Amino acid sequence: MNLLEGLNPEQLAAVTLPRQHALILAGAGSGKTRVLTTRIAWLIATNQMTPQQVLAVTFTNKAAKEMMARLTAMLPINVRGMWIGTFHGLCNRLLRTHYRDAGLPQLFQILDSSDQLSAIKRLLKSLNVDDEKYPPRELQHFINGQKEQGLRPSAVEAWDSYTKKRVELYEAYDAQCNKEGVVDFAELLLRCYELLSRNEALRRHYQERFRYVLVDEFQDTNVLQYRWLKLLTGPEAAMFAVGDDDQSIYAFRGADVGNMRDFEREYKVATVIRLAQNYRSHGNILDAANAIIRNNENRLGKNLWTEAGAGEPIRVFEAYSDLDEARWVVDEIRALARDGHARSEIALLYRSNAQSRVLEHALFSAGLPYRVYGGLRFFERQEIKHALAYLRLIANPDDDTSFARVVNFPTRGIGARSIEQLQDAAKAAGSSLFAAAAQTSGKAAAFVALIAKMKESAHLPLPELVDQVVELSGLREHYRADKEGQDRLANLDELVNAAASFVAEEGVVGAEGELSADLIAFLAHAALEAGEHQAGEGDDALQLMTTHSAKGLEFNIVFLTGLEEGLFPHENSLVERDGLEEERRLMYVAVTRARRRLYLSHAQTRMLHGQTRYNLPSRFIEEIPAGLVKWLTPRMAKQGGAHGGVSSRLTLDEPRATYSSRASGSGTAYRIGQGVRHAKFGEGIIVNLEGGGEDARAQINFGNAGMKWLALSVAKLETV
DNA sequence: CTGAGAATGATTTTT
DNA sequence: TCATTCTCAG
């Protein structure tokens, strides 16, 4: 069977496994997606199951699409009918089908995170809750956290008055959503989970249907997602969970790696297959990654290997400053480009977004095209959200979030005052803002009439409807008048195009009524799939992104910058539970992105939040065996004076930092940036100085041992 | 309603 | 430092 051609023994074992629960520990670059898709194709091709019997779940739309595309290439069938999608996409599908059983209006709308935040702000205002005491963002996080644990307000344990109040607000928030007919992301999951757990007939139906449940990136599942999977995996079904505990980097948003062990135990998983052969990177890169991750205690264990050669050593550069680091990156990239390397095969990675600006500035000055991932996405743009809000009001006039968003945009003389009156009226009548507005006469009523007018176009093909709405709303007019509105105008036109291609690709055929079924599907699509990240200029552009965003991607050449204590590992991680191990996994993910060449760099000084910081090299650099590393700068170049043997090019560029702070203790002069050694804490760098004479104190970053304030007259410090 | 200036606060992110 | 959010005067 040619489907199986070229698979290694472990991949083959996984793909052809009999129907039983299995955990596939798929290391970075081990052909995980291939295994997942080939298994589905093989099961179908060998008639072990029909396309209807598979449920395949991913986290991102990108992964789901990739799976569909590969399946299409492997099988002569239409994959569109198969249940392959994201957790949220599949829940949406189930809830649309069974909206009555789920207690939802047929045309329920989906709130994205920013919609949810506005809804919470509106709630706090209407309840007269002090948003200083209950910050909306924090409340949002609290509510989502509870939902992701599967907890409704009544199930949340609250002992202190603060939590009790938050639970009360959670309850009020849910009530508001129900009234408005809207559902947030976490609610999609929870509502679907509850639907299936309460409705036995429905659960049985799906359990009997899905014989194979396959899960991608299992290490990223949260408690609720795992429980949802368990509900859908009936007694006859087999769960095939693919994941890598070493690449679990999303604990901060609720992912629970513990699900892997729980799955193994609860399902008495007999087959754990380790995919450790790596098809991506050269040996030295894998050895470095293996060595780093070995320092984590909590892991299921696995060691990547390759048939490719050792390849090049890992290059490490110590920069004097962040600016210097950026200049070095530019120089190195220029040299690489001269050698014929494609820019799009070079990635610049950093731990936090703030680090990109210095790099961007240097690249821009050097005229090197680049693309930054992580900006605003298409459906998140202001003008697009405005247009969508009008469309949502057509579908569901009770959607107060959308109402509040556009009732006065473009401005039509309905100010904060009038909106407050509407809110009071709506509250008194227990109705939506839209209904309250309909009761008035004047500007608010005119807005209601406007929506009614738009609704007259609701039977038109979707792209025409969108075009009408953009026109009638006055959005087009508004941005035409705005001298900086040209891009937004173009985006609105693009929205019409997006609607057209959506209908062409996923249009609901035949369904006609007062409202176009396409509209509802399109609105869900817009909420669930925010679209492409802002495209950068140039086809052959360097790729800039955070280490998190890089997960799942690969590049011939990777620059991993800002490898400093406090930055990476991030200082906050040191006080979080298992924070350091998560940072290390992130480092592991970053390192394994590189195919052939990996550069690591750190800077002695760096501007952060308007202050110059003095950071020690990241411990992760030291965790790489010295034999794999080639230092481009003398190892641990010392501070001050001629500063070690750093190349003369660097000494020309003195940092902008001023060393105004000086102090002395025990007759020795100290200055910021000075390296010191302490008997107990080891080597550190002076970060701050205070006072003088007998009272002089120094704040010292000891790296592993943390940040300390020491009295210079007392502490026995040795200068390094 | 708008715009200017102040205040704030700043890992990581998909749906 | 700098981007975003808030506040207040016009």
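Just so it is clear, the structure is predicted and the values come from calculations on it, not from any experiment. Residue numbers begin at 1 in each chain, while the letters A, B, ... track the order of the sequences.
- Dashed line: the shortest gap from a side-chain N or O of A/Asn353 to OP1 or OP2 of B/dT12 is under 4.0 Å.
- Minimum heavy-atom separation, A/Ala445 to A/Thr440: CB-O, 3.2 Å.
- The shortest distance between the side-chain N/O atoms of A/Arg357 and the OP1/OP2 oxygens of C/dC2 is below 4.0 Å.
- Paired with A/Asp220 under the rule salt bridge (Lys or Arg N to Asp or Glu O under 4.0 Å), one option of A/Arg253, A/Arg585, A/Lys551 passes, and it is A/Lys551.
- Rounding to the nearest 0.5 angstrom, the gap separating the CZ atom in A/Phe447 from the CG atom in A/Asn408 is 9.0 Å.
- Here, B/dT13 and C/dT4 have their P atoms 15 Å apart, quoted to the whole Å.
- Residues A/Thr86 and A/Leu586 each lie close to DNA chain B; by heavy-atom proximity, the contact nearer the 5' end of the strand is made by A/Leu586.
- The phosphate of B/dC1 (OP1 or OP2) has no side-chain N or O of A/Arg412 nearer than 4.0 angstrom.
- Here A/Ser549 does not reach the OP1 or OP2 of B/dT12: none of its side-chain N or O atoms lies under 4.0 Å away.
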- Task: Would you please test A/His141 and A/Phe252 for ring-ring contact (aromatic ring centres under 6.0 Å, His included) and show each step?
- Result: CA-CA 11 Å; A/His141 187 253; A/Phe252 71 90; 9.5 Å; no
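- The separation of B/dT12 from C/dT5, taken at their P atoms, amounts to 15 Å, rounded to a whole angstrom.
- When the side-chain nitrogen and oxygen atoms of A/Ser573 are compared with OP1 and OP2 of B/dT11, none of them lie within a distance under 4.0 Å.
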